[in-house]
Amino acid sequence: MASRPLRLGVLVSGRGTNLQAILDAIGRGELNAEVSLVVSNKPNAPAVERARRANVPVEIYKLEDYSSRLDWQRAIVANLAGRDVELLVCAGWDKVFDREIFKRFGGRIINIHPSLLPVFGGGLHAIEDALRYGVKVTGCTVHFVTAELDAGPIIGQSAVPVLPGDNVESLAARIGKEEHRLLVEAIQLYGEGRLKIEGRVVKVLCKDA
Ligand code: GRF
């Protein structure tokens, strides 16, 4: 890969399997990127340990340590910007952003969500909701983040069948595999400058376009 690696900020709150997929893809030379900073709002999230094991910078920002949401976001933004982060990846981040983040990173934030948006968006229990509703197909979506929750322009989606006997764990495991592939692909496409947003439609440009 000839070009300079894309500088990523990765925001995590949980297990960090998507972060791991990014780190592994970089390690295998399949993703031309580097993780400049991992930010977690949960000190004990397994994702934090994954970052440490991979020797990438990781910092904890607990909302309750700040006098307001705004101060908390400003502190995170300052750190990311100081490291020249080019793309912000929400990889299991359980908080919603407002103004400050968009002012600085608007159009440069992506998120992975465990459903085929726009269905089962807007919360942290999309897999449970899909099972309870009885859909036969669900999946995952990578999308640009906008001020409207889970409603930004869609970069990619992958469908996953709901099998008889599925429970949250079994379905989440199959969705997770697709998430990891889709998220890495989306970051690589972004780094290659191949994602063009037109209104709410994301066009994926051919390699030589
Ligand atoms: C994933 O299902 C993702 O879609 C959602 O949160 C989960 C994070 O998983 N936003 P992990 O922490 O990457 O393992």
Side-chain angles (χ1 to χ4, degrees), residues 8-27 30-31 33 35 37-54 56 58-63 76 87-97 101 105 109-133 135 137-163 166-188 190:
L8 303 176
V10 184
L11 305 185
V12 295
S13 307
R15 289 172 312 155
T17 62
N18 281 284
L19 168 66
Q20 192 67 58
I22 293 169
L23 293 167
D24 292 347
I26 293 173
E30 289 168 13
L31 176 59
V35 177
L37 181 65
V38 173
V39 168
S40 175
N41 58 337
K42 306 248 171 77
N44 299 323
V48 171
E49 190 44 43
R50 291 179 193 270
R52 291 199 176 119
R53 239 184 288 137
V56 299
V58 54
E59 295 197 19
I60 312 298
Y61 285 87
K62 282 160 64 185
L63 177 54
I76 296 175
L87 180 70
L88 210 49
V89 180
C90 302
W93 174 248
D94 66 1
K95 291 276 183 269
V96 176
F97 297 128
I101 298 268
F105 288 98
I109 314 173
I110 65 172
N111 180 49
I112 177 89
H113 184 82
S115 76
L116 293 174
L117 291 172
V119 287
F120 306 127
L124 295 172
H125 30 72
I127 298 175
E128 291 87 330
D129 291 350
L131 274 174
R132 203 170 310 119
Y133 198 92
V135 294
V137 177
T138 181
C140 51
T141 302
V142 183
H143 63 94
F144 283 104
V145 174
T146 58
E148 214 185 323
L149 187 59
D150 291 335
I154 290 171
I155 300 167
Q157 294 187 299
S158 183
V160 172
V162 180
L163 303 179
D166 254 341
N167 55 31
V168 174
E169 288 70 36
S170 61
L171 184 54
R174 286 206 310 289
I175 291 176
K177 276 195 189 147
E178 290 305 302
E179 288 190 345
H180 303 158
R181 181 183 59 76
L182 202 63
L183 185 58
V184 167
E185 265 175 33
I187 296 169
Q188 180 62 24
Y190 183 93

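Since this is a predicted model, take the numbers as computed values, not measurements. This chain uses plain numbering: 1 for the first residue, then up along the sequence. All ligand and atom numbering here is 1-based and tracks the order in the structure.
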Which protein non-hydrogen atom lies closest to [atom], naming both residue and atom, and how far is it?
| atom | result |
| --- | --- |
| atom 14 (O) of ligand 1 | Thr17 OG1, 2.5 Å |
| atom 10 (N) of ligand 1 | Ile112 O, 2.9 Å |
| atom 9 (O) of ligand 1 | Arg15 NH2, 3.4 Å |

Any donor-acceptor N/O pair, Ser13 side chain to Asp94 backbone, under 3.5 Å: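 Pair found, side chain donor or acceptor close to backbone of Asp94.
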Sub-3.5 Å donor-acceptor pair from the side chain of Gln157 to the main-chain atoms of Leu117, do we have one?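 Here the side-chain-to-backbone pair exists.
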Can you list the ligand 1 atoms lying under 4.0 Å from a non-hydrogen atom of [X]?
| X | result |
| --- | --- |
| Pro114 | 2 (O), 4 (O), 5 (C) |
| His113 | 4 (O) |
| Glu179 | 1 (C), 2 (O), 3 (C), 4 (O) |

Is any side-chain heavy atom of Phe120 closer than 4.5 Å to one of Val135? yes
Which pairs would a plain distance check flag for residues 147-154, meaning a side-chain donor or acceptor within less than 3.5 Å of a matching protein atom at least two apart in sequence or in another chain?
unit_1: Asp150; atom_1: OD2; unit_2: Gly122; atom_2: N; d: 2.6

Dump the intermediate steps for side chain to side chain contact (heavy atoms under 4.5 Å, CB included) on Val89 and Tyr190, then the final yes or no. CA-CA 11 Å; Val89 180; Tyr190 183 93; over 6 Å; no
Quick test of your reading of the model: are Arg181 and Glu185 salt-bridged, counting only N-O distances below 4.0 Å? yes
Does ligand 1 have an atom under 4.0 Å from some heavy atom of Cys140? no
Counting heavy atoms only, which of Ala172, Pro46, Gly92, Gly16 comes nearest to atom 12 (O) of ligand 1? Gly16
